There are 2 protein chains.
Amino acid sequence: MRLVIARCSVDYVGRLTAHLPMAPRLILMKADGSVSIHADDRAYKPLNWMNPPCAVHEGDGVWTVTHERSGEQLIVTIEEILHDFTHELGVDPGLRKDGVELHLQELLAERVGTLGAGWSLVRREYPTAIGPVDILCRDAEGRTVAVEIKRRGEIDGVEQLTRYLTLLNRDPHLAPVRGVFAAQEIKPQARVLARDRGIDCVTLDYDDLRGIEPDTPRLF
Amino acid sequence: MRLVIARCSVDYVGRLTAHLPMAPRLILMKADGSVSIHADDRAYKPLNWMNPPCAVHEGDGVWTVTHERSGEQLIVTIEEILHDFTHELGVDPGLRKDGVELHLQELLAERVGTLGAGWSLVRREYPTAIGPVDILCRDAEGRTVAVEIKRRGEIDGVEQLTRYLTLLNRDPHLAPVRGVFAAQEIKPQARVLARDRGIDCVTLDYDDLRGIEPDTPRLF
DNA sequence: GTATTTATTTCGTGC
DNA sequence: GCACGAAGTAAATAC
């Protein structure tokens, strides 16, 4: 990893064209070949960058970064270098995550009883021609229910569930199928659309779910 | 901007929980208050980060970054500092972009004749209750056409156009309204859905569009 | 490889 | 401030 602080201007020509006037910035060059140009704001997002695989050619005050496959270019014109430091970090052991959509799905699949008393799981990732339904289950009266899970419930999720319901309701073994839209947070417009389509909305709490005993507790 | 290279482990607790084992990394602290933890790969994306506004508390080998509103936390445990450099960059003049969806829309609005001979523009960003239609125009026979423009045409774009068409077709002054889905690239599933709904698909070429004379050339 | 879905999406824009 | 759509989206995953 090489860290350069320099007064520079930058031109990008690729999927779009973009220009940065001369100013002091951080140029971050990683061991994977990537180059990114940072200002002192905009959180972690660089002003401009080039993804690997790319090649850097350091000319006389002009660094040219070329993406090997697409031909995109980042042209960095250096006026003055203020700091230049290189350090090898080695390979990172990587990040362990917990609490994303997949986990919500797993948790809820084991606890469909939280959606309604006496509900039972048919299966998780129930396959259809247009993709898998997150959870298919049956209510206490044995009627089929399709559940779509999102971390944040927006209008697209309701559209997606609607397509599944249309398809599932063509199957005489399943029909009539009703829908449940479950998310940690549901946007008002999504809620309105769901209501309009007869879909129930359920707000999920990740920590609560973790605290609830699974419907079929494991012995080991 | 402060650049620290250090052996550290990191724990994030917030929208999810995540853990990074001890390893050498770059800790990038910007003037806007953001903190990001970088490995020597993954292009410009940090392994972990905190967006502003947040506060950093430097304890004894433990830096705690707390997001002020949400309470999210990033806990950085420092084992060894290998480099520590601070430099003020000042405010960046910012990036000028060219060539994204807005430009496609502007270009096409001035050249609706490329969609069909004798077509004319009604207006760009035609307002409706559920949002603006990218382009509304009339074909050679005076029938209304709604055009949805995307850089990459996917299924969501077809859904969006469908909602507009449903709404527009309730207006007796406009109905019947048909749809055109225009994009630089259209995904197969989007194409199938569009066909199923009677929506025409058009592939746009940015460079071609720029080369075509506008329908109503300006005198100045 | 292509296609689909998620993301601590982030980021801008309009209300 | 919230809601919505776009992004040089990127990244993981299924097929």
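In the text below, chain A, chain B and the rest are named by the order of the sequence lines, each starting its count at 1. Everything numeric here is computed off the predicted structure, so don't read it as measured data. Side chains included, hydrogens not; waters and symmetry mates left out as well; all remaining heavy atoms used.
- Taking atom CD of A:E101 as the reference point, atom C1' of D:dA14 lies 15 Å away to the nearest angstrom.
- Salt-bridge check for A:R15 with B:E185: failed, with every basic side-chain N at 4.0 Å or more from each acidic carboxylate O.
- Summarising the geometry, atom NE2 belonging to B:H67 is positioned 7.0 Å from atom CE belonging to B:M50; distances are rounded to the nearest 0.5 Å.
- Comparing C:dT8, D:dG5, D:dG8 by their nearest atom to the side chain of A:N48 picks out D:dG8.
- Distance CD (A:Q184) to P (C:dT6): 13 Å, rounded to an integer number of Å.
- Each of A:E72 and A:K187 was matched to the nucleotide of DNA chain D holding its nearest heavy atom; the match closer to the 5' end belongs to A:K187.
- Listed candidates were D:dG8, D:dG5, C:dT8. Nearest to the side chain of A:W49 is D:dG8.
- With the nearest nucleotide of DNA chain D identified for both A:D156 and B:E154, A:D156 has the one nearer the 5' end.
- Remark: the A:E72 side chain and the A:Y12 side chain contain an N/O donor-acceptor pair separated by less than 3.5 Å.
- As rounded to whole Å, 18 Å separates atom P of D:dG5 from atom CG of B:L104.
- With 3.5 Å as the limit, one finds a donor-acceptor pair spanning the side chains of A:R138 and A:T144.
- For the P atoms, the distance from D:dG8 to C:dT5 is 23 Å, rounded to whole Å.
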**Complete:** Dot-bracket assigned to DNA chain C with the 3.5 Å Watson-Crick/G-U criterion, [ ] for crossing and | for other-strand pairs, is |||||||.|||||||
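- In terms of position along DNA chain C, the nucleotide closest to A:P132 lies nearer the 5' end than the nucleotide closest to the other residue of the pair B:A18 and A:P132.
- Here the P atom of nucleotide D:dG5 and the CG atom of B:D134 are 11 Å apart, to the nearest Å.
- Phosphate contact (OP1/OP2 of C:dT10, side-chain N/O of B:R15, threshold under 4.0 Å): present.
- One interatomic measurement links the two molecules: CG of A:L95 to C1' of C:dT6, which rounds to 15 Å at whole-angstrom precision.
- C:dC11 and D:dA11: their P atoms are spaced 15 Å apart (whole Å).
- One interatomic measurement links the two molecules: CZ of B:R42 to P of D:dA10, which rounds to 16 Å at whole-angstrom precision.
- Proximity of B:N51 to the phosphate of C:dT10: a side-chain N or O atom is located under 4.0 Å from OP1 or OP2.
- Considering only the side chain of A:K150, C:dT6 comes nearest among D:dG8, C:dT6, C:dT5.
- At a threshold of 4.0 angstrom between heavy atoms, the contacts of B:P188 are confined to the sugar-phosphate backbone, with no base atom among them.
- Counting any heavy atom pair closer than 4.0 Å across all strands shown, A:Y44 reaches sugar-phosphate atoms only and no base atom.
- The CD1-P distance, from A:I149 to C:dA7, rounds to 12 Å in whole Å.
- Summarising the geometry, the separation between CG on A:L102 and P on D:dT13 is reported as 9 Å, rounded to the nearest angstrom.
- In this structure, A:K45 does not reach the C:dC11 phosphate: none of its side-chain N or O atoms is under 4.0 Å from OP1 or OP2.
- Salt bridge status for B:E159 with B:R197: present, with a side-chain N to carboxylate O gap under 4.0 Å.
- Rounding to the nearest 0.5 Å gives a distance of 11.5 Å between NE2 of B:H19 and CD1 of B:I75.
- Judged by distance alone, the side chains of B:R124 and B:Q105 do bring a donor and an acceptor atom under 3.5 Å apart.
- Looking at A:R25, its side chain never comes within 3.5 Å of a backbone N or O of A:R7 through a donor-acceptor pair.
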